[in-house]
Amino acid sequence: MSKGLAPKITAQANFWVPFFNTLGTQLASEATCLPTDGGHRLFCKFRFSQYAYQVVAEDTSDAEGDPFRIEGEETRMRVRLRLLLFGMAFITTLHPALAESISSPDGKIRVEVGIKQKLEPYPSGVRLYYSVLYNSRTLLADSPFRIDFKGMPPIAENLAVKGSRTSQGDQTWQTVWGKSKTVGNRFNELTLSLEESAEPHRRLDFVVRAFDDGVAFRYHLPAQPALTDFRLAEERSEFHFPGNPTVWAATYDSFQTHQETEFVKRKLADIKPGEIIGCPLLLETPAGWAALTEADLTDWAGLYFTGSRATSAAVVSVLSPRLDEPDVAVISRTPRSSPWRVLMVGGRPGDLVESSIILNLSAPCALEDTSWIEPGVATWDRWWCGSYAPDFPGELGMGTESMKYFVDFAAEMGWKYQLVDWTWYGPPFDPAKPFGSAGNPNADLTRSIPELDIPGLVQYAAGKGVKILIWLDWFNAEKQMEKAFPLYENWGVKGVKVDFMTRDDQQMVNFYERLVKLAAQHHLTVDFHGAYKPTGLRRTYPNLLTREGVLGNEYNKWSNRVTPRHNVTLPFTRMLCGPMDFTPGGFRHKTVESFRVVGGDTPGPFVMGTRCHQLAMLVVYESPLQVMTDSPYSYRMSPFGLEFLRGIPTTWDETRVLDGYPGEFVVIARRSGSAWYLAAMSGNQGREITIPLHFLGGDSHQAEIWMDAEEAADYPEHVWEKKQAVRSNDSLKVRLAPGGGFVGRIRMQ
């Protein structure tokens, strides 16, 4: 049989459907059976060894007798079937193919999507499956798809492909701020139009995009009589990986969480059914590095993962339930598209950090004027440092003079902002409920306490070149933002920090967008705390500068969890989703062994690791708003390395991850204008690294360097500073102490 020949088999479909499904799944390594034309025709494709075989079965009214009867080729086809049954793979590829595929523009990633029936541990029936190859190796094995509804059957089995189309995207766009000024958005897209072969014949489009840095899919429910209003109960997008790869997973006790925890290194098989695993889930596989997360989360429920009940080599998607209807995740109506389910892909972990796939999958900027949005560094009031300010006359607290103390230091350092945190408008929480679980019903966000004059502070700060940000509890912000935000704009306040949401159900996701949109109308930037991970909303509304959703420096007050290992895991896990307000810059240092917890509101907390470890966070951690955690006194009394922080940028024209491994070390170079900022951090173990400077270009440069002193392992605040001329063919040899760091500012001479 020659290549390209597609013999037609005339037979009874009720024989061929079970025959081919059984034959393919039991004897071949891959099987695809695709019912079309209302179930009257069946395309079947089997892969055996390196060869593929395909037949077409038709249901005809005059089919009688031998079901192997072939129009014009009875003997030849009978032989071909027997050869396949006995494992003699001499049959070449035939067309048309059943499984559709699409590749990334550079050809390194290939996605295959098709209708298949597979044996256990896969679910029963004919279903949609997707898989991903990276550099011709299986990264994601066949993975099935299903969505469940309340009050109607799921969409899962007996889907037929009614059509497909492909498209491409190739554009370049400019960010308002970010890790790179210019972003390339190149992808190939495949859309499969699917329909149930039985009643009620609901339709669904499955859309796949392949980028050079990953893969994304979403499902679209078109407007149709059989599916109008719906209540989505569950989404079961499965992700099956070959073998048992290493993962870094964040586990939560419930869906109501600040998403502030460690990403623990473990094996995929260790993730059990019922566990709540947050985004992103980082994986190190034999085929490459990958991370699972989502993008364009709009009017939908947040995504999590849990272990598969069928196999240990997979995770299954889980959606955050609504509070008003806990057995439902999403209430909506067609036409409706889900958020993108994203698989970031790279040959090394640093490739994932450099990726812009989440932004590329999100809606473009909705603001006509973005000139008022200003990234920068902020001082923070006494919330973290407590009253640790011996150089302040009086007691540091929530008052105008105390806030001026921080404003003065921001001006001294050339920083843009001063953050006024909670209690500026009085007790923020309901005293009758658990701490932070509900806002104070008597709070008024339009009036500050008598001790603090916000308009007066704004005016004072403006005279120093500093702008004011203020804190809000979300519960009260939801009730009062239409009244408060115009007032803040009139006062001259430049942004709000909104806190304690602790959810990402559909209602809360919608609150985020409403608040950011309203804030933009009144020229207010936004920093979300008590927040879920970023999903790309910052592209649409770039006044959303940063968010927490990270186990950051604040935890040093009451725990020993913020270890150097944790700090060096974050760039490869939480930061993959987007900016994180870690609040870096603690200047009271202890080693991992000597660290102690001061607790609660006790003044002067400590941080683990060296001074350069904290300095490096300003470059390694992406956040256009960097809120410096310590007090002016701590910075002034131990100024080693402080010069590096004067006027440091927080938005970048270019980012390159030079080296690193989660939890062990990271080396990143970021460019602002013609100046390069270079940073390295180590985990709990020290190490020596060599940093090539090939990214500099050919001109001669002057490097200012701050690195761990020889004695930094015992005296972590000690810093060695030097200047030297460097060129692009040079390399820097750097010794990092345990919990150590390195920073450099490199400018053309």
Side-chain angles (χ1 to χ4, degrees), residues 25 30-35 98-102 110-133 138-149 152-164 189-198 201-210 214-222 227 230 232-241 273 279 281 290 292-296 300-301 303-311 313-319 329-330 334 336-343:
T25 54
E30 176 184 331
T32 305
C33 287
L34 173 64
L98 291 179
E100 299 273 2
S101 67
I102 195 165
R110 187 170 91 249
V111 188
E112 295 185 351
V113 188
I115 303 295
K116 303 181 181 183
Q117 181 170 1
K118 298 175 73 70
L119 296 180
E120 292 183 356
Y122 289 94
S124 63
V126 178
R127 296 173 181 261
L128 177 71
Y129 284 84
Y130 42 87
S131 59
V132 177
L133 284 81
T138 299
L139 178 68
L140 181 71
D142 276 341
S143 301
F145 167 80
R146 166 181 175 151
I147 49 177
D148 291 353
F149 298 94
M152 69 175 79
I155 294 180
E157 296 187 62
N158 301 317
L159 292 172
V161 177
K162 307 302 290 185
S164 67
E189 182 175 284
L190 168 67
T191 300
L192 286 185
S193 296
L194 306 170
E195 182 177 316
E196 293 174 310
S197 57
H201 296 294
R202 291 170 296 179
R203 292 181 288 116
L204 173 141
D205 292 336
F206 194 79
V207 187
V208 180
R209 284 188 185 177
V215 171
F217 72 81
R218 75 188 327 168
Y219 46 98
H220 173 74
L221 301 171
L227 185 59
F230 65 86
L232 182 67
E234 282 189 284
E235 173 195 319
R236 295 187 61 82
S237 298
E238 299 192 23
F239 301 89
H240 292 240
F241 294 90
C279 293
L281 175 64
L292 286 169
T293 187
E294 66 178 325
D296 197 22
W300 207 264
L303 177 69
Y304 297 81
F305 304 100
T306 193
S308 168
R309 297 188 183 280
T311 176
V315 291
V316 183
S317 64
V318 184
L319 299 181
V330 178
T334 59
R336 196 61 225 279
S337 293
S338 74
W340 291 99
R341 280 59 185 106
V342 182
L343 181 68

- Query: Got a sec, which residues hit side-chain hydrogen bond (donor to acceptor under 3.5 Å, both in side chains) with Thr334, two or more places apart in sequence or on another chain?
  - Reply: none
- Note on the structure: Only one of Thr138, Leu292, Val132 passes side chain to side chain contact (heavy atoms under 4.5 Å, CB included) with Phe241, and that residue is Leu292
- Message: Contact between Glu235 and Val330 at the side-chain level, heavy atoms closer than 4.5 Å - yes or no?
- Response: no
- Task: Return the set of residues passing ring-ring contact (aromatic ring centres under 6.0 Å, His included) with Tyr219 (not counting sequence neighbours), or none when no residue passes.
- Result: Phe145
- Query: By salt bridge (charged side-chain N to carboxylate O under 4.0 Å, His left out), which residues pair with Arg236, not counting sequence neighbours?
  - Reply: none
- Taking atom CZ of Phe206 and atom CD1 of Ile115, what is their separation to the nearest 0.5 Å? 9.5 Å
- Query: Do Arg209 side-chain atoms and Glu189 backbone N/O form a donor-acceptor pair below 3.5 Å?
  - Reply: no
Side-chain donor-acceptor distances from residues 303-310 under 3.5 Å, at least two apart:
| residue | atom | partner | partner atom | Å |
| --- | --- | --- | --- | --- |
| Tyr304 | OH | Gln259 | NE2 | 3.1 |
| Tyr304 | OH | Asp504 | OD1 | 2.9 |
| Tyr304 | OH | Asp504 | OD2 | 3.1 |
| Thr306 | OG1 | Gly274 | N | 2.8 |
| Thr306 | OG1 | Glu275 | N | 3.2 |
| Thr306 | OG1 | Glu275 | O | 2.7 |
| Ser308 | OG | Ala310 | N | 3.1 |
| Ser308 | OG | Thr311 | N | 3.3 |

- Report yes if some heavy atom in the side chain of Leu139 is under 4.5 Å from a heavy atom in the side chain of Leu133; otherwise report no. no
- Task: Measure the shortest side-chain to side-chain distance between His240 and Ser131 over non-hydrogen atoms and say whether it is less than 4.5 angstrom.
- Result: no
- Partners passing salt bridge (charged side-chain N to carboxylate O under 4.0 Å, His left out) against Glu294 (at least two apart in sequence or in another chain): Arg341, Lys533
- Item | Shortest non-hydrogen contact from Glu196 toward His201 | O-ND1, 2.9 Å
- Could you state the interatomic distance from CZ (Arg127) to NZ (Lys116), rounded to the nearest 0.5 Å? 14.5 Å
- Query: What are the two closest non-hydrogen atoms of Leu194 and Lys162, and how far apart are they?
  - Reply: C-CG, 4.5 Å
- Note on the structure: Correct closest heavy-atom pair for Leu319 and Trp300 would be CD1-NE1, 3.9 Å
- Message: On a heavy-atom basis, which atom in Ser337 and which in His220 lie closest, and how many Å separate them?
- Response: OG-ND1, 2.7 Å
- Item | Separation between CG of Leu281 and CZ of Phe239, rounded to the nearest 0.5 Å | 10.0 Å
- Message: Minimum heavy-atom separation for Ile155 and Leu159, please, with both atom names.
- Response: CG2-CD2, 4.1 Å
- Is any side-chain heavy atom of Glu157 closer than 4.5 Å to a side-chain heavy atom of Pro123? no
- Task: Check whether any side-chain heavy atom of Ile147 sits under 4.5 Å from a side-chain heavy atom of Leu221, and report yes or no.
- Result: yes
- Sequence neighbours left out, what passes salt bridge (charged side-chain N to carboxylate O under 4.0 Å, His left out) with Asp205? Give chain and number order. none
- Note on the structure: Nearest heavy-atom approach of Pro222 to Arg203 is CD-O, 3.4 Å
- Message: Keeping Tyr130 on the side-chain end and Glu238 on the backbone end, is there a donor-acceptor pair under 3.5 Å?
- Response: yes
